[in-house]
Amino acid sequence: MAESFELVSIDNHFGDLISRLSHTTNPDIFLAAALASKATRDGHACLSLSVWAGREVRAADGGSYQCPGLPDWLAELAACPSVGDGIVATPLVLEDDRLYLHRYWEYESDVARFIDERSREPNAEVAMPTLAENVARLFPDPVAGCDWQRLAALAVVLRRFVVITGGPGTGKTTTVAKIIALLVEQSGEDAKLRIALAAPTGKAVMRLQAVMAVLRKKLSCAEAVKERIPAKVFTLHRLLGPRRDSPFFIHDENNRLPYDLVVVDEASMVDLPLMAKLVRALRADTRLVLLGDRNQLASVQPGSVLGDICHRQVLPEFSEEFLELAAPLTEVSDLIPAGGRGDSLVELQVSHRFGMESGIGLLGRAINLGDTDAALELFRDMRCSDIVWREIGSERELQRKLAERFAAFPPAWFGVEEPEQAVRTLGRAQMLCAVRHGGFGVNGVNLYIEKILAEKWPVTPGVSAYQGRPVMIVENNYDVKLFNGDTGLVLADPDTGKALSAFFPDGDGGVRKIPLAMLPAHETAYAMTVHKCQGSEFDEVVVILPDRRSPVLTRELLYTALTRARQTVEVWSSAEVFADTVQAVVGRHGGLGEKLSPGLTGR
């Protein structure tokens with residue numbers, strides 16, 4: 001049976017363009033080019049020819065295509081003048097069984113080259129006794145066994161490229177704050193270590209900025225050192241300097257960023273093009289530290305950079321030399337030396353938020369292992385009071401459950417007149433949907449919640465302005481400093497009486513007022529998609545899965561959703577859909593992992 005898929009207009013136009021440039025009417029060339037265009041729209045860095053070879057596919061317009069066998073297809077593409085090996089500029093690049101749009105091949109190659117070169121660099125000259133003393137002061141009370149945070153500190157001191165990964169509550173941000181203090185101390189009083197903190201979204205920026213402000217006060221170091229730790233955090237776009245109406249940035253390979261250290265939080269959300277543009281803009285002596293959870297969702301844009309770097313195999317794979325240097329800092333006798341350059345990857349493995357008996361922690365581990373039976377059994381375990389299962393098999397059941405929930409428990413900010421107090425409640429609870437459309441999607445759930453609330457509150461479903469409406473920004477606007485994913489409330493303005501304004505957190509515990517006329521594109525946010533919630537945390541989370549299978553339902557999406565919770569998680573789903581979701585793994589096609597030298601990705 002033929003598999004249906006959709007080639008949209010831009011895919012067909014690109015296929016026609018490549019055919020014209022190649023002076024050919026060969027349908028296999030058209031199909032390869034059109035599918036390569038589709039692949040990037042679907043989040044892949046390239047088209048995997050081996051995945052498509054030999055398949056019969058049917059387009060949305062009713063047209064039918066038969067993909068050739070892999071050997072024949074590779075031969076046809078190798079002979080096509082519009083396809084090259086990347087050395088000579090051609091619209092398409094063929095590498096093994098992967099077909100790239102040229103710019104995505106360049107992005108991937110640049111990122112791989114950067115990581116490979118930075119991880120090859122010899123260990124820096126370090127006075128280990130002094131370093132050990134400083135590490136012991138900044139990282140007091142080491143955990144039993146291996147102290148992964150101390151290993152991460154050593155890796156950053158020794159290397160110019162380091163990934164610090166770990167699940168929620170493992171202390172990634174705390175670790176990097178201490179590492180920055182350590183590097184400032186190592187640089188000496190006279191040196192001016194220039195540091196930039198960045199994150200991919202405005203929401204992640206606000207969170208990192210707030211956390212760093214708290215951590216800076218707690219660091220066990222001199223006030224002069226604390227003052228040199230930056231208080232400001234940039235979005236990556238802001239850091240690189242956007243050019244209006246252009247995909248290019250002010251800072252690039254011809255105008256490098258001036259920093260000695262760049263730290264990027266929530267790195268799983270950074271797509272391949274943006275990562276390539278970042279590494280191109282770094283000086284040869286700049287340290288780059290990526291923080292993120294390798295098990296979370298990748299960016300909606302092409303590529304899965306953090307996942308490709310870390311891969312899915314168990315870390316770590318440290319060199320013998322690294323372990324010898326680490327021995328004075330922490331217990332490493334249980335770690336077996338490995339070849340390669342895994343010294344640039346450290347996975348923090350002790351969760352300070354979810355203990356060994358935490359239902360959320362246990363559920364997250366079961367999902368990452370793909371153990372459906374164990375995950376479902378945890379919901380029945382009375383000891384796991386922080387996770388709750390709600391069997392929802394139809395749209396009618398979902399609506400009944402929403403009616404019960406919101407009729408009895410309206411949003412926490414309803415009835416609160418003070419904007420600052422009302423906005424502060426936004427982080428308490430959040431509904432997360434896997435899809436956007438339909439009765440189980442964000443749009444349908446938000447509209448139904450409004451209808452329920454309208455029975456007792458002055459809520460007008462579908463209207464953009466009413467008292468208590470939660471809103472989420474869906475596009476960046478640098479003029480009003482609101483960014484994609486920022487959330488706020490429409491409330492009566494205490495300065496003008498009844499007039500409504502939008503209020504957003506200001507990052508310092510207060511609120512910013514934005515006139516409704518100046519509000520960028522936004523949507524109602526009683527519920528939001530899992531993708532939009534990345535970089536956020538809530539006390540309570542309700543995860544709503546649809547009543548049928550969907551390509552977006554994956555293990556990574558479910559893990560990302562439930563680990564947004566600090567205290568409790570409810571999963572609303574059928575057991576069948578939940579099981580299918582746990583078994584489905586995101587399959588992003590690309591060659592970054594293969595381009596990286598063995599040892600770096602744990603392979």
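In this chain, numbering begins with 1 at the start of the sequence shown.
At distances below 3.5 Å, at least one donor-acceptor pair connects side-chain atoms of R194 with backbone N or O atoms of P258. Remark: the backbone N or O of E537 is not paired with any side-chain donor or acceptor of R564 at under 3.5 angstrom. For the pair R228 (side chain) and I195 (backbone), a donor-acceptor distance under 3.5 Å is absent. A donor-acceptor pair is defined here as one N or O able to donate and one able to accept, closer than 3.5 Å; no such pair exists between the side chain of D547 and the backbone of S394. Side-chain atoms of K226 come within 3.5 Å of backbone N or O of K217 as a donor-acceptor pair. Under the 3.5 Å distance criterion, the side-chain polar atoms of T165 are matched with a main-chain donor or acceptor of G292. No donor-acceptor pair under 3.5 Å is formed between the side chain of D42 and the backbone N or O of H44.
Here the side chains of V530 and L558 are not in contact, with every heavy-atom distance at 4.5 Å or above. A heavy-atom distance below 4.5 Å is found between the side chains of L482 and L519. Residues Y104 and P273 form a side-chain contact, since some pair of their non-hydrogen atoms from C-beta on lies under 4.5 Å apart. Side-chain contact check for I309 versus L290: some heavy-atom pair is nearer than 4.5 Å. With contacts defined as side-chain heavy-atom distances shorter than 4.5 Å, the pair K172/L348 qualifies. At least one side-chain heavy atom of N484 sits less than 4.5 Å from a side-chain heavy atom of K532. Contact annotation: the side chain of Y559 approaches that of P168 to within less than 4.5 Å [non-hydrogen atoms, C-beta and beyond]. Between T554 and L297 there is a side-chain heavy-atom pair separated by less than 4.5 Å.
For the side chain to side chain donor-acceptor pair (under 3.5 Å) condition, the pairs that include at least one residue of residues 265-282, sequence neighbours left out, are D110-R280.
No salt bridge links D260 with K192; every basic N to acidic carboxylate O contact stays at or beyond 4.0 Å. A salt bridge is defined here as a Lys NZ or Arg NE, NH1 or NH2 lying under 4.0 Å from an Asp or Glu carboxylate O, and E570 with R405 meets this definition. A salt bridge is absent between D506 and R512: the closest approach of a Lys/Arg side-chain nitrogen to an acidic carboxylate oxygen does not fall below 4.0 angstrom. Between E540 and R566, none of the side-chain N atoms (NZ, or NE/NH1/NH2) sits under 4.0 Å from a carboxylate O, so this pair counts as no salt bridge. A salt bridge links R436 with E523: at least one charged nitrogen is closer than 4.0 Å to a carboxylate oxygen.
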- Message: Working note: E450 + N446, criterion side chain to side chain contact (heavy atoms under 4.5 Å, CB included); need CA distance, chi angles, decisive distance, verdict.
- Response: CA-CA 6 Å; E450 287 183 321; N446 276 323; 5.7 Å; no
- I would like to know whether L257 and L282 meet side chain to side chain contact (heavy atoms under 4.5 Å, CB included); could you show each step before the answer? CA-CA 6 Å; L257 288 164; L282 298 180; 4.0 Å; yes
- Could you walk me through whether T560 and Q534 pass side-chain hydrogen bond (donor to acceptor under 3.5 Å, both in side chains), step by step? CA-CA 7 Å; T560 300; Q534 285 186 269; 4.8 Å; no
- Which is it for D11 and R41 under the salt bridge (charged side-chain N to carboxylate O under 4.0 Å, His left out) test, yes or no, and what are the steps along the way? CA-CA 9 Å; D11 304 328; R41 287 194 299 104; 2.5 Å; yes
- Task: Verify side chain to side chain contact (heavy atoms under 4.5 Å, CB included) between N477 and V480, making sure each step is shown before the conclusion.
- Result: CA-CA 6 Å; N477 187 305; V480 295; 3.5 Å; yes
- Task: Evaluate the criterion side chain to side chain contact (heavy atoms under 4.5 Å, CB included) for residue pair I387 and V571; output intermediate values, then yes/no.
- Result: CA-CA 8 Å; I387 58 174; V571 176; over 6 Å; no
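In terms of heavy atoms, A177 sits closest to L215 at CB-CD1, 4.0 Å. Of all the heavy atoms in A198 and L208, the pair that sits closest is O-CD2, 4.0 Å. Taking all atoms of both residues into account, the shortest heavy-atom contact from L138 to A181 is CD2-CB, 4.2 Å. Contact detail for I229 and M212: the closest heavy-atom pair is CG2-CE, 4.0 Å. Across every non-hydrogen atom of L562 and V569, the tightest pair is O-CG2, 3.4 Å. The heavy-atom pair separating T175 from A152 by the smallest distance is CG2-CB, 4.0 Å.
To the nearest 0.5 Å, atoms CD1 (I392) and CD (Q399) are separated by 11.0 Å. To the nearest 0.5 angstrom, Q149 atom CD is 12.0 Å from Q349 atom CD. Taking CD of E397 as the reference point, atom CG of L402 lies at 12.0 Å (rounded to 0.5 Å). Atom-to-atom distance recorded for R555:CZ and T581:OG1 is 11.0 Å, nearest 0.5 angstrom. Once rounded to the nearest 0.5 Å, the distance linking CD1 of I250 with CG of N255 reads 8.0 Å. Separating the CE atom in M472 from the OG1 atom in T529 is a distance of 6.0 Å, to the nearest 0.5 Å.
Annotation: R243, atom CZ; neighbour count of heavy atoms from other residues, nucleotides and ligands within 6.0 Å is above 12.
Evaluation of the ring-ring contact (aromatic ring centres under 6.0 Å, His included) rule for W389 yields F379, F578 as partners, not counting sequence neighbours. Residues satisfying the side chain to side chain donor-acceptor pair (under 3.5 Å) test with T170, not counting sequence neighbours, are none. Listed by chain and number, the residues in a side chain to side chain contact (heavy atoms under 4.5 Å, CB included) with R244 amount to none (sequence neighbours excluded). Applying the side chain to side chain contact (heavy atoms under 4.5 Å, CB included) test to R548 and every residue at least two apart in sequence or in another chain returns nothing.
Using modelled atom types and a 3.5 Å distance limit, the side chains of E556 and Q296 yield no donor-acceptor pair.
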Output side-chain donor-acceptor pairs under 3.5 Å for residues 423-435, partner residues at least two apart or in another chain, one line each.
from, atom 1, to, atom 2, distance (Å)
R424, NH2, E420, OE2, 3.1
T425, OG1, A422, O, 2.6
Q430, NE2, A525, O, 3.4
Q430, NE2, Y526, O, 3.0

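With ring centers used as reference points, F483 lies 6.0 Å or more from H237.
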